[in-house]
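Just so it is clear: chains get the letters A, B, ... in the order the sequence lines come, proteins before strands, and each one is counted from 1.
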There are 2 protein chains.
Amino acid sequence: MNIGEAARLSGISAKMIRHYEGVQLLSPAQRTDSGYRQYTENDVRALQFIRRARDLGFSIDEIRDLLSLWQDRNRPSREVKALAAVHLETLDKRLKELHSMKSALEHLVHGCQGNDRPDCPILETLAGSGDEATSEANAASLKRHRRGHQITG
Amino acid sequence: MNIGEAARLSGISAKMIRHYEGVQLLSPAQRTDSGYRQYTENDVRALQFIRRARDLGFSIDEIRDLLSLWQDRNRPSREVKALAAVHLETLDKRLKELHSMKSALEHLVHGCQGNDRPDCPILETLAGSGDEATSEANAASLKRHRRGHQITG
DNA sequence: CTGGACCTTCCCACCGTTGGAAGGTCAAGC
DNA sequence: GCTTGACCTTCCAACGGTGGGAAGGTCCAG
């Protein structure tokens with residue numbers, strides 16, 4: 001089948017399938033004489049595997065590892081579990097960061113009257129009148145800076 | 001003061017201060033004859049405002065709006081609150097997505113023996129033996145695809 | 001006048017995904 | 001046959017936010 005059908009069946013866009021091939025997450029697909037990529041049902045299964053792993057938030061690199069464990073019939077499940085556990089901790093960290101942002105902001109929003117007048121604890125806090133934001137959000141900030149970068153989209 | 005000191009005082013790297021100027025989040029800094037950027041205490045206050053807003057997860061665009069509300073002495077706090085409330089919902093969505101990923105993965109990890117043998121419910125689920133991942137993570141996936149992109153780092 | 005700390009601009013990388021341009025291929029209908 | 005439209009190809013650029021580094025200029029203390 002062509003890439004379009006593989007995309008439909010796997011839930012991964014054709015763009016991304018090509019990209020995954022480019023970053024060697026997938027081995028290069030077979031080609032027709034005219035250069036069209038050809039996929040088998042097995043290929044589609046691998047693509048679905050990738051999609052499900054991405055749905056769980058695994059990075060491309062992690063998925064590479066998961067795929068090779070999957071292919072290895074003699075893997076010890078210990079290794080899979082370890083990989084997943086590491087990712088779980090990553091998710092947990094992000095979750096905590098987001099949570100502290102959320103509660104800090106929730107607190108601010110709650111304290112703001114939201115009327116015609118200009119006085120607003122949200123702006124006041126951002127402007128630093130008083131103690132540096134909230135201790136919770138600051139902790140998240142530190143983590144963020146240590147990690148390099150951050151949540152998008 | 002030079003950009004380095006402004007960076008130290010504000011907690012924003014010199015790199016990012018230049019970047020923020022580039023994307024017009026900040027008005028261009030004064031320059032010395034030799035071209036060095038010069039910052040006042042007021043500039044530093046704006047930088048700190050930005051840092052705190054980023055700590056709460058606001059995007060650059062949102063911060064642009066927050067800054068102009070901050071500068072506007074006649075703003076109705078209603079507008080600030082509305083902006084913050086929108087961001088709060090964004091945080092909440094992300095939080096829910098992460099949470100569903102986490103619980104799905106937690107479930108899988110919990111079900112994996114983590115021993116020398118190859119059988120592993122984590123891989124089995126990713127491979128699609130049974131029902132499509134978990135309904136929770138699927139919901140997250142759908143949202144993600146709708147949104148465009150996703151959590152990094 | 002030398003050295004080192006600082007500054008400047010510029011371009012490149014990361015991550016995952018999307019968009020578009022410019023062109024080739026394939027199958028159906030006339 | 002030829003046209004049309006859906007599909008495919010490659011390549012390049014963008015998003016968000018941040019960091020890294022090169023190549024060069026400046027400033028001050030010793």
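Contact annotation for Ser59(A): backbone-only contact, meaning every heavy-atom pair under 4.0 Å involves sugar-phosphate atoms and none involves a base. Residue contacts for Arg37(B): at a heavy-atom cut-off of 4.0 Å it reaches the sugar-phosphate backbone alone, with no base atom in range.
Whole-Å rounding puts the Ile17(B) CD1 to dT18(D) P distance at 12 Å. Rounded to whole angstrom, the span from the CZ atom of Arg18(B) across to the C1' atom of dC10(C) amounts to 12 Å. At whole-Å resolution of the value, CD in Glu21(A) and C1' in dG16(C) are 17 Å apart. Nucleotide dG17(D) holds its P atom 12 Å from the CD1 atom of Ile12(B), rounded to whole Å. Between Asn2(A) atom CG and dA6(D) atom C1' there is a gap of 11 Å when expressed in whole angstrom units. In this structure, CD1 of Ile63(B) is placed 12 Å from P of dG16(D), rounded to the nearest angstrom. Rounded to whole Å, atom P of dC7(C) lies 12 Å from atom CE of Met1(B). Rounded to an integer number of Å, the gap from Glu62(B) CD to dG16(D) C1' is 12 Å.
Considering all non-hydrogen atoms of both residues, Trp70(A) and Arg75(A) come closest at O-NH1, 2.9 Å. Of all the heavy atoms in Leu66(A) and Ala53(A), the pair that sits closest is CD1-CB, 4.3 Å.
Comparing dC7(D), dC27(D), dT18(C) by their nearest atom to the side chain of Tyr36(B) picks out dC27(D). Considering only the side chain of His19(B), dT18(D) comes nearest among dT18(D), dT10(D), dT26(D). Out of dC7(C), dG19(D), dT9(D), the shortest distance to the side chain of Ser13(B) is found at dG19(D). With dG16(C), dC7(C), dC7(D) as the candidates, the nucleotide lying closest to the side chain of Ile60(A) is dG16(C). Each of dT26(D), dG17(D), dC6(C) was ranked by its minimum atom distance to the side chain of Arg8(B); first place goes to dC6(C). Distance from the side chain of Lys15(A) is smallest for dC11(D) among the nucleotides dC6(C), dC10(C), dC11(D).
Between Asp55(B) and Arg52(B) there is no salt bridge, since no side-chain N of the basic residue sits under 4.0 Å from a carboxylate O of the acidic one.
The number of heavy-atom neighbours closer than 6.0 Å to CD of Gln30(B), taken from other residues, nucleotides and ligands shown, is 12 or below.
Both Phe58(B) and Thr32(B) lie near DNA chain D, and the one whose nearest nucleotide falls closer to the 5' end is Phe58(B).
Atom CZ of residue Arg45(B) and atom OG1 of residue Thr40(B) lie 7.5 Å apart, to the nearest 0.5 angstrom. Here the CZ-OG distance, from Phe49(A) to Ser10(A), works out to 14.0 Å after rounding to the nearest 0.5 Å.
Considering only side-chain N and O atoms, Arg31(B) lies nowhere under 4.0 angstrom from the phosphate OP1 or OP2 of dG25(D). Contact between the side-chain N/O atoms of Tyr20(B) and the OP1/OP2 oxygens of dG17(D) is not found at any separation under 4.0 Å. Between Arg54(A) and dC15(C) there is no side-chain N or O to OP1 or OP2 distance below 4.0 Å. A close approach under 4.0 Å does occur between a side-chain nitrogen or oxygen of Ser34(B) and OP1 or OP2 of dC27(D).
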